[in-house]
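Here's the structure, in structure tokens; my notes come after.
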Amino acid sequence: MLLAFWLFIPAYVANPLAVVWGGGVPMDFGRRLRDGRRLLGDGKTWRGFFGGGLSAVLVGALQWPSSALWSAPLNLESFSSWIGPVMALAFGSLLGDVLGSFIKRRVGIQRGGKAPVLDQYDFVIGAFLLTGALFSGWLLTHYILNEAIFGLILIIVLTPILHRVVNIIGYRIGKKEVPW
Ligand code: CTP
Ligand code: MG
């Protein structure tokens with residue numbers, strides 16, 4: 001279970017890092033759909049997306065030496081099989097967040113408005129879907145098969161708590177406009 005949590009860190013840090021990097025040109029370039037609402041809104045920017053994604057991949061890369069504890073020796077081959085899932089977790093997490101904002105805008109929730117469940121889990125779903133699509137074997141081994149399923153359960157239980165704590169910190173240090 002600890003391993004499942006450890007491996008999920010790139011997905012967890014991607015969005016807080018996007019908040020740190022955020023600003024500048026919005027991903028939807030200000031575009032509105034026929035419903036009159038923004039495609040994504042000013043809360044999703046390119047700088048946040050790529051700054052958050054690349055720095056989360058860097059965090060994952062720094063975690064790589066830990067894999068010596070349970071798997072292969074540290075060589076180029078083990079790094080290349082490590083970094084793929086890391087990238088999928090980081091960018092899947094951000095894409096999930098983007099999709100969450102898309103859905104929020106379509107149902108009429110303004111930027112920064114609350115969307116229970118969606119706000120907490122959009123990035124988890126995004127991370128699992130992208131990683132499952134690209135590295136299904138890796139995902140099955142670490143989160144689905146046999147006891148690994150408890151890792152998934154841990155993530156589901158822990159995520160709303162972590163989400164709340166991180167957002168309160170983000171609000172206090174003035175990086176987020178609302179504490180959720
Ligand atoms: N952010 C960004 N780019 C991203 C994700 C986040 O620039 N891809 C930054 C924005 O400054 C954003 C802040 O991080 O305002 C907080 O992110 P989030 O809570 O996801 O956005 P909200 O402003 O709450 O907007 P939404 O209602 O769309 O979730
Ligand atoms: Mg938000």
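Just so you know, ligand 1 is whichever comes first in the structure, and atom 1 is the first atom listed for that ligand. Start at 1 with the first residue, then count along the sequence. Scope of the values below: all heavy atoms of this structure, side chains included, with no hydrogens, waters or symmetry mates.
- Taking the six-membered ring for Trp and thresholds of 30 and 60 degrees, F8 and Y143 have ring planes more than 60 degrees apart, a perpendicular arrangement.
- Considering F49, F50, W180 only, the shortest heavy-atom separation from atom 8 (N) of ligand 1 involves F49.
- Between F50 and W46, the angle of the ring planes stays under 30°, which puts this pair in the parallel group of the 30/60° scheme.
- The two residues L134 and A88 come nearest to each other via the heavy atoms CD1-CB, 4.3 Å.
- For ligand 1 and S101, the ligand atoms under 4.0 Å from any heavy atom of the residue are 26 (P), 28 (O), 29 (O).
- The distance from ligand 1 to the heavy atoms of K104 drops below 4.0 Å at these ligand atoms: 26 (P), 27 (O), 29 (O).
- Taking both residues in full, the closest heavy atoms of W21 and R47 are given as O-NE, 3.0 Å, listed atom of the first, atom of the second, then distance.
- Nearest to atom 1 (N) of ligand 1 by heavy atom, out of G113, G51, A115, G43, is G43.
- Interface of D97 with ligand 1, defined as ligand atoms under 4.0 Å from a residue heavy atom, comprises 5 (C), 20 (O).
- For ligand 1, none of its N or O atoms has an N or O atom of D42 under 3.5 Å away.
- Using a 30° and 60° split on the angle between ring planes, W64 and F79 fall in the perpendicular class, above 60°.
- For R105, the closest heavy-atom approach to ligand 1 falls below 4.0 Å.
- Shortest non-hydrogen contact noted between R105 and R37 is O-CD, 3.1 Å.
- Ligand 1 has at least one atom lying under 4.0 Å from a heavy atom of G23.
- Taking all heavy atoms of K44, R111, K175 into account, the minimum distance to atom 11 (O) of ligand 1 is reached by R111.
- Ligand 1 has G112 within reach: a non-hydrogen atom of the residue lies less than 4.0 Å from it.
- Where the criterion is an N or O separation shorter than 3.5 Å, residue side chain and backbone included, K176 meets it with respect to ligand 1.
- Put simply, the side chain of K44 does not reach to within 4.5 Å of the side chain of D28, judged on heavy atoms.
- Under the 3.5 Å distance criterion, the side-chain polar atoms of K104 are matched with a main-chain donor or acceptor of G113.
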